[in-house]
Amino acid sequence: MSLSLTINGTRHDITSDPDTPLVYVLRDELKLKGTKLGCGLEQCGACAVMVDGKVVLSCVTPVEVFDGKDITTIEGIAETEIGQRVQQAFIEETAAQCGYCTSGLVVAATALLSENPAPDSATTKAALTPHLCRCGSHPRVLSAIKRAADT
């Protein structure tokens with residue numbers, strides 16, 4: 001069975017088993033290493049990608065579910081004006097320590113600001129609910145998202 005995914009604007013014919021979780025296809029077959037595998041249980045958010053503009057955790061869901069969908073990974077985020085603002089704000093606010101959760105947080109923040117250019121604090125926190133940062137950078141992440149929204 002051949003699957004077709006559009007990832008960061010490029011069409012890819014996937015040869016992996018259809019039951020393979022998307023994160024493995026991204027990392028192993030397509031060599032897009034920015035999407036991280038953290039918990040493998042959809043509980044940490046490191047594997048976040050955007051699918052048709054919505055945040056989706058990619059570590060459990062089989063790749064066949066994404067056939068024909070438009071997927072944006074952290075590698076494609078900088079191709080958008082909002083993604084550029086979010087990335088710059090993360091740098092300016094030093095919103096990453098070890099960096100493991102950062103790609104998922106940047107994807108989530110970009111999706112949030114694409115849908116709601118001026119989210120309030122509660123909306124921002126709700127959008128980040130599935131994302132864990134073991135280093136404790138959440139206050140700087142919230143500042144970065146506010147900065148990106150204000151620019």
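All figures in this text were calculated on a predicted structure; none of them were measured in a lab.
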**OP:** Check whether the side chains of Thr20 and Asp17 place a donor and an acceptor atom closer than 3.5 Å, and report yes or no.
**Re:** no

Original post:
Rounded to the nearest 0.5 Å, how far apart are CG of Leu142 and CZ of Arg140?
Top reply: 11.0 Å

**OP:** Treating Ile, Leu, Val, Met, Phe, Trp and Tyr as nodes and any side-chain heavy-atom pair under 4.5 angstrom as an edge, say whether Leu128 and Leu113 lie in one connected cluster.
**Re:** yes

Original post:
Is Thr6 reaching over with its side chain to a backbone N or O of Gly9, donor-acceptor style, under 3.5 angstrom?
Top reply: no

Subject >> From CD (Glu93) to OG (Ser137), nearest 0.5 Å >> reply: 11.5 Å

**OP:** Considering non-hydrogen atoms only, spot the tightest contact between Arg85 and Ala148 and give its length.
**Re:** NE-O, 2.9 Å

**OP:** Mind checking the CZ-SG spacing from Arg27 to Cys47? Nearest 0.5 Å is all I need.
**Re:** 11.0 Å

Subject >> Transitive ILVMFWY side-chain link Leu32 to Val107, under 4.5 Å >> reply: no

Subject >> Smallest separation among heavy atoms of Ala108 and Ala127, with atom names >> reply: CB-O, 4.4 Å

Original post:
Distance from Ile71 atom CD1 to Asn8 atom CG, nearest 0.5 Å?
Top reply: 9.0 Å

Subject >> Atom pair NZ/CG of Lys146 and Asp150 - distance to nearest 0.5 Å >> reply: 4.0 Å

**OP:** Check the surroundings of atom CD in Glu115: do more than 12 heavy atoms from other residues, nucleotides or ligands lie under 6.0 Å from it?
**Re:** no

**OP:** Taking Ser103 for its side chain and Thr35 for its backbone only, find out whether a donor-acceptor pair lies under 3.5 Å.
**Re:** no

Original post:
So, Glu42 side chain and Cys59 main chain: donor-acceptor pair closer than 3.5 Å or not?
Top reply: no

**OP:** Give a yes or no on whether a salt bridge exists between Arg11 and Asp13, defined as a side-chain N under 4.0 angstrom from a carboxylate O.
**Re:** yes

Subject >> Lys31, NZ atom: more than 12 neighbouring heavy atoms under 6.0 Å >> reply: yes

Original post:
In terms of hydrophobic clusters joined by side-chain contacts under 4.5 Å, are Val86 and Met50 together?
Top reply: yes

Subject >> Residue Tyr100 excluded, over 12 heavy atoms near OH under 6.0 Å >> reply: yes

Subject >> Distance (rounded to the nearest 0.5 Å) between Leu22 CG and Ile7 CD1 >> reply: 6.5 Å

**OP:** Indicate yes or no for a side-chain donor-acceptor contact from Thr80 to the backbone of Ile77 under 3.5 Å, with no hydrogens or angles considered.
**Re:** yes

Original post:
Just checking, any donor-acceptor pair under 3.5 angstrom between side chains of Gln84 and Gln88?
Top reply: no

Subject >> Path from Val23 to Leu5 over hydrophobic side-chain contacts below 4.5 Å >> reply: no

**OP:** Taking only Lys NZ, Arg NE, NH1 and NH2, and the carboxylate oxygens of Asp or Glu, determine whether Lys33 and Glu75 approach each other closer than 4.0 Å.
**Re:** no

Original post:
Donor-acceptor pair, Ser143 side chain versus Pro139 backbone, under 3.5 Å?
Top reply: yes

Subject >> same_hphob_cluster(Leu26, Phe66) at 4.5 Å side-chain heavy-atom cutoff >> reply: yes

